[in-house]
Structure formats: C-alpha cells, structure tokens
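Scroll down for the structure; my scribbles are underneath it.
Letters A, B, ... mirror the listed sequences (proteins, then strands); counts begin at 1. This is a predicted model, so every value here is computed, not measured. Only heavy atoms go into these numbers, but all of them, side chains included; no hydrogens, no water, no symmetry mates.
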Protein chains: 2
Amino acid sequence: MDELDSEIIRLLQTDARQSNRELARKLGVAPSTCLERVRALTRRGVIRGYHADIDPAALNRQTQALVSVQVRPLSREVITRFERSAAAMPEVLSVFVLAGGDDFLLHVAVRDMDQLHAFLLDRLSQRREITGFKTSMVFQQMRNAVPSRLD
Amino acid sequence: MDELDSEIIRLLQTDARQSNRELARKLGVAPSTCLERVRALTRRGVIRGYHADIDPAALNRQTQALVSVQVRPLSREVITRFERSAAAMPEVLSVFVLAGGDDFLLHVAVRDMDQLHAFLLDRLSQRREITGFKTSMVFQQMRNAVPSRLD
DNA sequence: AATGAAAAGAGTGATCT
DNA sequence: AGATCACTCTTTTCATT
C-alpha cells in the first residue's frame with residue numbers, strides 16, 4: 001500500500017467507471033502499470049467491488065428508518081441466525097451487530113409508512129428471539145462515498 | 001422506468017465496471033440502446049455515481065462505532081450546521097438526521113480505540129450545541145449492495 | 001425509441017528497460 | 001516494478017428504420 005495504491009483507491013471510490021487510461025493519466029503512470037496495480041488490489045481483497053449509487057426514490061424507497069433490536073438469548077447461534085435473516089429481508093439495506101445497549105441496528109428503506117409498519121409487524125414482531133425493538137425515522141442521510149485512508 | 005431500466009440498475013449495482021457491451025448482451029439489446037438508457041438514467045438523476053467498495057482495513061479503519069447525538073436548541077440552523085460539520089469529519093462515514101429519541105446517528109470508522117476516544121473528545125465533546133451522545137461499538141456489518149425496486 | 005455500421009478510443013499482453 | 005508498442009475489442013456517434 002504505497003502512495004500510488006492509495007491514489008488509485010481514492011480515484012476509484014470517486015468514480016468507479018472511469019477508464020484505466022484516465023486513471024493512469026491522472027496518476028502520471030503508464031496504463032499497463034495502473035492496470036496491474038488495480039488487479040493486485042483486487043486480488044488482495046482491498047477492492048471488493050464496484051457499485052452504482054442509485055437514488056432511493058427510483059427504487060421506491062422514500063421512507064427510511066433505523067430500527068434497534070434486542071434479541072435473547074445472546075448466543076452465537078441466535079445472533080448469527082438473526083443477522084443473516086435480517087440481511088436477506090428486501091426492506092433492509094444494512095445490518096449492524098453491536099456491543100452495548102442494543103444488539104442490532106437495521107437500516108430499512110421502504111415505499112411508505114404503511115410498508116414500514118408492515119415490515120415491523122410481519123418481519124420483526126413475529127420472531128420469538130426478539131425481545132424488543134425501537135424505530136427512529138430518518139429525515140435525511142449524508143454519506144461520505146470516498147473515505148480517506150487514516151494515519 | 002420500465003423493465004429494461006430496472007434491469008440496468010440492478011446490473012450496475014452488482015458490478016458498476018462491466019462494459020456497456022456486456023450489459024447490452026445480458027439485456028438482449030444493442031449496445032447503443034443500452035448506452036442511451038444509461039445516459040438517460042444518469043441525466044434524470046437515477047444513477048448518482050459509481051463507487052469502488054474498499055476493505056475498511058486497507059483504509060486503516062478497523063474500529064467502527066455508531067454514535068447517537070442530541071443537540072439543542074433543535075432549530076433548523078443548529079441541525080443543518082451540525083449535520084454539515086459531522087459529514088466533513090474524516091472519521092465519519094455517514095450521518096443520519098433522525099426523528100424520535102436521538103437527533104443524529106453518526107457512523108464512524110477509525111484505526112483503533114484510541115482514535116475513537118480522540119474523536120469523541122476532540123470532535124464531539126467540544127461542541128456547545130451537543131447536549132449528550134452515546135457510543136455503540138460495531139462488531140460486524142452486513143450491507144446489501146443491490147437493493148431491489150420495491151412494489 | 002431502437003438498430004447497425006464506422007470512427008475514435010480503451011483494454012490487454014509481450015517485450016524491453 | 002514500470003514503460004512502450006501492437007493488437008484486439010469496446011465505446012460512441014450518427015444515419016436509418
């Protein structure tokens with residue numbers, strides 16, 4: 001991970017679809033050098049993939065919420081099972097497994113309040129391992145798509 | 001937003017770097033058709049960008065936390081100002097503006113516990129509008145990189 | 001709106017420094 | 001490791017349906 005690798009990562013986080021040539025030009029190296037670096041980063045698992053960022057409205061997901069969830073018993077099995085099921089729910093964008101007051105936080109995005117209500121009742125309330133959950137509505141989200149490398 | 005647009009979105013969420021030809025082949029349309037669709041989606045703001053997904057370890061961010069924050073007074077000005085400053089902090093990946101118990105949730109990723117501690121003390125404790133915050137450590141996160149279009 | 005063909009540009013691997 | 005070159009494939013534009 002030298003300076004060149006860091007720059008490649010930064011540029012691909014900013015725009016994953018720019019050509020290898022453009023990348024090379026911005027870095028002041030030959031395209032073949034740049035290509036080999038990108039391949040090495042991918043092979044080493046540093047670059048995990050490339051994803052289009054889509055407006056939630058176009059996906060019919062204008063209503064977002066954060067749902068904190070407690071489960072019992074706090075066994076590895078229960079946690080793993082809940083984590084996997086939650087991640088597989090189409091309404092769920094992201095699952096955080098936490099230490100502290102809550103056990104999980106679910107980032108949920110759906111069409112409207114009705115669909116959110118249905119999610120809470122049909123997907124969460126029914127589960128026997130859940131001992132409680134609390135919903136906060138998301139007014140707005142700002143994401144940093146290009147996190148820098150920290151010292 | 002017909003079936004073809006939805007499929008383009010799905011494929012570009014899965015792999016933003018596949019060539020336009022490959023996209024066209026998978027969809028069974030001509031490359032030029034596909035290209036025009038992608039451009040229209042971009043023009044309409046449906047596609048907001050393309051980002052490489054980078055292993056947090058390679059960015060020196062192996063320690064993650066969710067920090068819920070309360071601010072006062074709850075005025076538009078205070079909220080907007082805090083939201084912007086938080087989003088600009090290099091430690092912060094994401095800022096959620098919430099309704100309910102807490103006012104904000106910050107998703108923070110740093111090198112280690114020392115850096116997290118420093119973040120809480122230097123970036124948050126100092127701010128006069130913050131009346132309280134609570135930190136939960138993140139053990140694990142699962143993200144759905146390809147959210148589907150809901151009905 | 002979609003297609004097909006042609007020009008311009010990019011990806012890729014061999015080879016050399 | 002990085003650069004250059006040559007070959008192939010892709011992107012992009014535009015005339016046509």
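Under 4.0 angstrom from either OP1 or OP2 of D/dT13 there lies at least one side-chain N or O belonging to B/Arg39. Residue B/Arg37 has a polar side-chain atom (N or O) positioned under 4.0 Å from OP1 or OP2 of C/dA2. A sub-4.0 Å separation between OP1 or OP2 of C/dT12 and a side-chain N or O of A/Ser32 is absent. Between D/dT11 and B/Ser19, a contact under 4.0 Å exists linking OP1 or OP2 to a side-chain N or O.
Between the CG atom of A/Leu27 and the C1' atom of D/dA3 there is a distance of 15 Å, given to the nearest Å. In this structure, the CZ atom of A/Arg17 is 11 Å from the P atom of C/dG11, given to the nearest Å. Atom CG of B/Leu41 and atom C1' of C/dA1 are 14 Å apart (whole Å). Between A/Ile8 atom CD1 and D/dG2 atom C1' the separation is 12 Å, expressed in whole Å. Atom-to-atom, CD of B/Gln18 to P of C/dG11 comes out at 15 Å; the value is rounded to the nearest Å. Between B/Asn20 atom CG and D/dC9 atom P there is a gap of 17 Å when expressed in whole angstrom units. One interatomic measurement links the two molecules: CG of A/Leu35 to C1' of D/dA1, which rounds to 14 Å at whole-angstrom precision. A straight line from CD of A/Glu36 to C1' of D/dA1 spans 10 Å, rounded to a whole angstrom.
Under the 4.5 Å side-chain criterion, counting only non-hydrogen atoms from C-beta, A/Leu121 is not in contact with A/Gln126. Here the side chains of B/Thr42 and B/Arg44 are not in contact, with every heavy-atom distance at 4.5 Å or above.
Under 3.5 Å, the side chains of A/Gln141 and B/Ser94 contain a donor-acceptor pair of N or O atoms. Checking A/Gln70 against A/Asp102 by side-chain atom types alone, a donor-acceptor pair falls below 3.5 Å.
Consecutive Watson-Crick or G-U pairs involving DNA chain D, each under 3.5 Å on both distances, make up stems of three or more pairs at C:1-17 with D:1-17.
Dense packing is recorded around CE of A/Met1, with more than 12 heavy atoms of other residues, nucleotides or ligands lying under 6.0 Å away.
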Check the pair B/Glu3, B/Glu7 against side chain to side chain contact (heavy atoms under 4.5 Å, CB included), reporting the backbone distance first and the verdict last. CA-CA 6 Å; B/Glu3 189 54 44; B/Glu7 268 299 287; 4.1 Å; yes
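Residue A/Asp5 is tested with A/Arg149, A/Arg10, A/Arg37 for a side chain to side chain donor-acceptor pair (under 3.5 Å); the sole match is A/Arg37.
Nucleotides of DNA chain D nearest to A/Asp2 and B/Glu22 differ in position, and the one nearer the 5' end is that of A/Asp2. Where B/Arg21 and B/Leu4 meet DNA chain C, the nucleotide closest to each residue was compared, and B/Leu4 sits on the side nearer the 5' end.
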